[in-house]
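Shown next, in structure tokens, is the structure this report addresses.
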Amino acid sequence: MKDFLEQMKRIWGHLGLNQRITLSVAAAVVMGGMIAMVWWAHRPSMQLLYGRLNDKDVSEIAAAVQEQGVQYQVGNGGSSIYVPADQVHKLRMVLASKGIPAGEGVGYEIFDRSNFGISDFVQRTNYLRALQGELSRTIGQLHGIRSARVMIVMPENRLLFSDQKSKPTASVFIDTTSSGLPQDNVNAIRFLVANSVEGLRAEDVALIDSHGNLLTENLKEDGSLAAASSQMKYRKSVEEYFGNKVETMLAKVLGAGNAVVRVSADIDSDSTTKTQEVYDPESQVVRNEQTSEDSTTTTEVDGATSPQNTTVGVSSNTPSNATTDNNKAGKNSEQVHKNKTNTYELNRTTTNAVRAPGGINHLSAAVFIAPKAKPRTPEEIESLRKMVANALGVKAENPQEIARSVTIQETAFENPPAPKSGGVGELVGKYSDLLKNIGAGAIAVVLLLFFLRMLKQTKPDEIPFELFRPAGASGAAGNGQSGNITPDLLNEMIRQRPANVGVALRGWMANGNSKS
């Protein structure tokens, strides 16, 4: 090792200034690249722990991570925290046990603490705060929303007076990642808030984004426009359902990608109520029956038996059998009248039918199929048309009606472009560790090749033979004397420094020829 260092020292002393600078720069570049490669390879892979955080949550999470002795990084403008990939799940469990992150606002955890002696007003205020906090956290989890705040106004409950016009309202402020939210997301947020508050209607929820735009302005229009929008959505879903149904069926027959189907649906948007009463004269039912009966009795007697003609005398002393004979001489009569009244009701059927909108009046389809090498016959086209009509439920006995409802045409399809891969970002994220090791090796190989190329481009200087002679050897070879240079020694020097030995030999031979 000592001989090698002395030999390198002698070679360094005979190098020129340019050669020394070149070798120094090359060595520094190689050493710097090696150090950077080793540092990059041993650097831990950072992964997202929590994102879309507010300043309070970021500070709490950072303090908790530091207590665990784990290094972290803050990114995305201070709203995200990254930790080593092997510590993500462990830290999430530790932070969850501490209730971190708590999120923006106060949720239902406000009732975890038992508070005795608080008033009803404070209790209702805490409930309203908890409800607003839970809604804010839920809305903040939606895609495209950084944070959200919900303000709910509830009418005061009064015991003796109730204002029928008072109703709950809500306002939602959202911080979006883009210029705005799609209309479907706005409706989703409105119905989410409305269904979470008792008595709150979706029309009474206002949404404002961080750019000052009122997102619910277009929704406060006539109800007919909203109904038309819902009808268009319903029609679109019906057409997509039947189109997909027919297209998947033709894919089994013609092959995948050989048929394109578009369906048009005529939707009945009218809502009708039908009331019908039907009377059946053949069917009679007794509703009421009334019967009345009158009875009259009449009795007639003569004057002998009349109490007014009785006088005091012999007649009054007549025996009782004489009175009986006089009563028999009288006349008796009796009359009975009966009336019966029946009331009948006809059989009546009342039908109330309500037809809701959404019925399908008519379906039509346009089908494009890829041609075959041999053109299809009209019979084959007609068979496909009947299959499509049956799949759509088109009931028409007339073939011309089916032909108008379902049109089939052969046309050449353009070859779709080849599907692209997931992208460089997805590939790097999936194979980050493997790519890191491969990249480190590639950088090392490139630096080594660069260093060797610079060495090859460096022109060897003429170095006397004494520098290549092993330590302890004596004699001068530069003056043409070769007493101490043996063939074995010369072969060893050529093997170690072929370029320098060649230059030295050429210079030695030139000096010898000049002296001769």
Side-chain angles (χ1 to χ4, degrees), residues 48-62 73-82 100-110 125-155 166-234 236-237 423 425:
L48 178 65
L49 179 63
Y50 286 108
R52 297 188 296 179
L53 301 171
N54 53 30
D55 297 338
K56 180 180 178 182
D57 290 336
V58 170
S59 61
E60 292 179 354
I61 293 175
Q73 294 179 357
V74 179
N76 294 334
S79 62
S80 301
I81 292 183
Y82 295 85
I100 302 174
E104 187 174 358
V106 180
Y108 283 116
E109 66 273 4
I110 193 174
T125 304
N126 289 338
Y127 172 74
L128 192 60
R129 290 179 58 198
L131 184 59
Q132 293 176 162
E134 293 294 336
L135 288 174
S136 300
R137 295 175 184 177
T138 305
I139 297 174
Q141 297 298 321
L142 297 178
H143 179 70
I145 298 178
R146 292 193 184 96
S147 61
R149 294 194 64 183
V150 180
M151 286 73 72
I152 300 175
V153 178
M154 297 291 293
S166 298
K167 56 184 179 180
T169 58
S171 300
V172 182
F173 175 81
I174 56 177
D175 183 9
T176 60
T177 57
S178 58
S179 58
L181 282 180
Q183 198 65 40
D184 294 339
N185 294 358
V186 174
N187 290 329
I189 295 174
R190 291 170 63 241
F191 282 100
L192 172 66
V193 176
N195 293 329
S196 301
V197 180
E198 182 180 1
L200 180 60
R201 300 184 305 173
E203 294 79 7
D204 297 328
V205 180
L207 265 74
I208 303 174
D209 62 1
S210 56
H211 301 279
N213 300 322
L214 181 59
L215 303 180
T216 55
E217 181 179 6
N218 296 330
L219 302 177
K220 295 182 179 180
E221 297 178 357
D222 190 8
S224 59
L225 183 60
S229 178
S230 61
Q231 291 175 7
M232 292 298 297
K233 291 181 180 179
Y234 175 71
K236 180 181 178 181
S237 63

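Starting from 1, each residue takes its place in the sequence as its number.
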Value for CG (Asp175) from CZ (Arg149), rounded to nearest 0.5 Å, stands at 12.0 Å

Euclidean distance, Arg137 CZ relative to Leu135 CG, rounded to 0.5 Å |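 One finds 11.0 Å between CG of Leu135 and CZ of Arg137.
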
Show the nearest heavy-atom pair for residues [X] and [Y], with the distance to one decimal.
X	Y	value
Ser136	Ala148	CB-O, 3.3 Å
Thr216	Ala206	OG1-CA, 3.7 Å
Ile152	Leu128	O-CD2, 3.6 Å
Tyr50	Ile61	CD1-CD1, 3.8 Å

By side chain to side chain contact (heavy atoms under 4.5 Å, CB included), which residues pair with [X], not counting sequence neighbours?
X	result
Thr169	Val153, Asp204
Ser80	Leu48, Asn76, Tyr82
Ala202	Arg190, Phe191, Ala194
Val58	Leu53, Ile81

Evaluation steps, side-chain contact (heavy atoms from CB on, under 4.5 Å), between Ser147 and Phe173 | CA-CA 8 Å; Ser147 61; Phe173 175 81; 5.9 Å; no

side-chain hydrogen bond (donor to acceptor under 3.5 Å, both in side chains) with Ser171: which residues, sequence neighbours excluded?
-> none

From Leu215, Ile208, Asn185, residue fulfilling side-chain contact (heavy atoms from CB on, under 4.5 Å) relative to Ile174 = Leu215

In this structure, which one of Ile145, Val205, Asp184 forms a side-chain contact (heavy atoms from CB on, under 4.5 Å) with Ile189?
-> Ile145

Contacts of type salt bridge (Lys or Arg N to Asp or Glu O under 4.0 Å), residue Lys236, not counting sequence neighbours | none

